[in-house]
Amino acid sequence: MIRTIVESAFQTGYLSVESEGLLHQVLAKKCYQSEDLSALAALYDAVRTGQVKREASSSNMLMELPLPHKSC
């Protein structure tokens, strides 16, 4: 799911509030693979450099990158 959200953000140039919320939920459940973290790191870089805009009005970055974890 993380990679799908990241791909959508790159295609549209925006990370919606809903997509960001889904990222938070998936990461909170620790249900991801190392490939997901690579995609998330690319999204962080894109947001930081302005390649992808966040719809959320908060000035805080998405969240801290999690440590690699096993898939559920």
Side-chain angles (χ1 to χ4, degrees):
M1 175 180 278
I2 290 175
R3 285 173 276 169
T4 302
I5 293 170
V6 169
E7 183 178 311
S8 175
F10 276 108
Q11 287 177 352
T12 63
Y14 286 91
L15 178 63
S16 71
V17 171
E18 293 83 6
S19 292
E20 194 168 335
L22 286 172
L23 287 173
H24 283 274
Q25 289 176 9
V26 171
L27 292 171
K29 291 181 182 181
K30 296 186 172 143
C31 216
Y32 48 82
Q33 299 173 343
S34 61
E35 295 87 8
D36 295 322
L37 297 182
S38 296
L40 192 57
L43 178 60
Y44 276 31
D45 288 341
V47 169
R48 187 177 44 80
T49 62
Q51 182 182 359
V52 172
K53 306 284 186 214
R54 288 178 69 217
E55 185 180 65
S57 61
S58 170
S59 63
N60 294 338
M61 192 59 173
L62 299 171
M63 65 193 84
E64 291 184 27
L65 283 172
L67 295 174
H69 198 275
K70 290 185 179 177
S71 174
C72 296

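Here the structure is a predicted model, which means the values were calculated and not measured. This chain uses plain numbering: 1 for the first residue, then up along the sequence.
Considering only heavy atoms from C-beta on, D45 comes within 4.5 Å of R48 through its side chain. Side-chain contact between L40 and L27 is present, with heavy atoms from C-beta onward closer than 4.5 Å.
Not counting sequence neighbours, the partners of E18 by the side-chain contact (heavy atoms from CB on, under 4.5 Å) test are S16, E55. With sequence neighbours left out, the side-chain contact (heavy atoms from CB on, under 4.5 Å) criterion links Q51 to F10, A46, T49.
When every heavy atom of L43 is checked against every heavy atom of A9, the shortest pair comes out as CD1-CB, 3.9 Å.
In this structure, OH in Y32 is found 12.0 Å from CG in L23, a value given to the nearest 0.5 Å.
At least one donor-acceptor pair under 3.5 Å links the side chain of K53 to the backbone N or O of G50. No side-chain donor-acceptor contact under 3.5 Å links S19 to the backbone of L15.
Taking hydrophobic clusters as Ile, Leu, Val, Met, Phe, Trp and Tyr residues chained together by side-chain heavy-atom distances below 4.5 Å, M1 shares a cluster with V52.
Sorted by first and then second residue, the salt bridge (charged side-chain N to carboxylate O under 4.0 Å, His left out) pairs with a member in residues 31-44 read R3-D36; sequence neighbours excluded.
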